[in-house]
> 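Dropping the structure in here first, questions after.
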Amino acid sequence: MKLKDLGLLKNQLCIDGTWRDSTDGQRFEVTNPATNDVITQVPNANAKDVQAALEAANTAWATWRAVPAKAR
C-alpha cells in the first residue's frame, strides 16, 4: 500500500517547530519490514540535534506548564 498523500511523509527532524536535516547531514533508510522496500530516508540525529531539541523543549516548558491540563 502506498501513501496517497505524500505531504504527510516527513523526512526531516522537527526541532523547535522547524523541519530540518541533521546537523551533519547523515541519513538512514526506513524500510517496509514486510517487503524490505525502502520507504524513505530520514535524518540520523546526532548529539548536537538532541541538544537543540532538549533546549527547545526546556524553553517551551516554561510557558506550557502554565497551561491547565484540560486546555492542553
Side-chain angles (χ1 to χ4, degrees):
M1 180 175 196
K2 298 268 184 185
L3 183 63
K4 291 180 183 177
D5 183 356
L6 294 179
L8 297 174
L9 182 63
K10 299 293 184 192
N11 59 0
Q12 291 182 302
L13 302 170
C14 183
I15 299 175
D16 201 15
T18 303
W19 291 99
R20 62 188 193 192
D21 291 326
S22 63
T23 54
D24 64 7
Q26 296 292 312
R27 303 179 75 75
F28 66 92
E29 293 180 342
V30 177
T31 58
N32 178 335
T35 64
N36 287 325
D37 290 340
V38 175
I39 298 169
T40 190
Q41 291 187 350
V42 295
N44 190 13
N46 59 42
K48 287 182 182 179
D49 300 316
V50 172
Q51 186 64 38
L54 288 171
E55 288 172 5
N58 190 47
T59 299
W61 177 242
T63 302
W64 188 244
R65 70 178 171 209
V67 177
K70 191 170 185 177
R72 290 184 216 160

> List the atom of Ser22, the atom of Leu13, and the distance in Å for their closest heavy-atom pair.
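Nearest heavy atoms, Ser22 then Leu13: CA-CD1, 3.9 Å.
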> Could you report the tightest heavy-atom contact between Pro43 and Phe28, atom names first, then the distance?
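Answer, listing the atom of Pro43 first, then Phe28: O-CE2, 3.6 Å.
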> Is the backbone N or O of Val67 less than 3.5 Å from a side-chain atom of Arg72, with the two atoms forming a donor-acceptor pair by type?
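Checked: pair present.
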> Mind listing the closest non-hydrogen atom pair of Asn32 and Ile39 along with its distance?
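Minimum heavy-atom contact is N-CD1, 3.7 Å.
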> Atom OG1 of Thr31 and atom CG of Asn36: how far apart are they, to the nearest 0.5 Å?
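Those atoms lie 5.5 Å apart.
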> Quick one: does any side-chain atom of Asp16 pair with a main-chain N or O of Thr18 as donor and acceptor, under 3.5 Å?
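A pair under 3.5 Å: no.
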> Compare every heavy atom of Asn11 with every heavy atom of Arg27, then report the nearest pair and how far apart it is.
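Reported closest heavy-atom pair: NH2-O, 2.9 Å.
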> To the nearest 0.5 Å, how far apart are CG in Asn44 and CD in Glu29?
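Reported value, rounded in 0.5 Å steps: 12.5 Å.
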> Exactly one of Asp21, Ile15, Leu54 should register a side chain to side chain contact (heavy atoms under 4.5 Å, CB included) with Asp49. Which one does?
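Per the side chain to side chain contact (heavy atoms under 4.5 Å, CB included) rule, the option paired with Asp49 is Ile15, out of Asp21, Ile15, Leu54.
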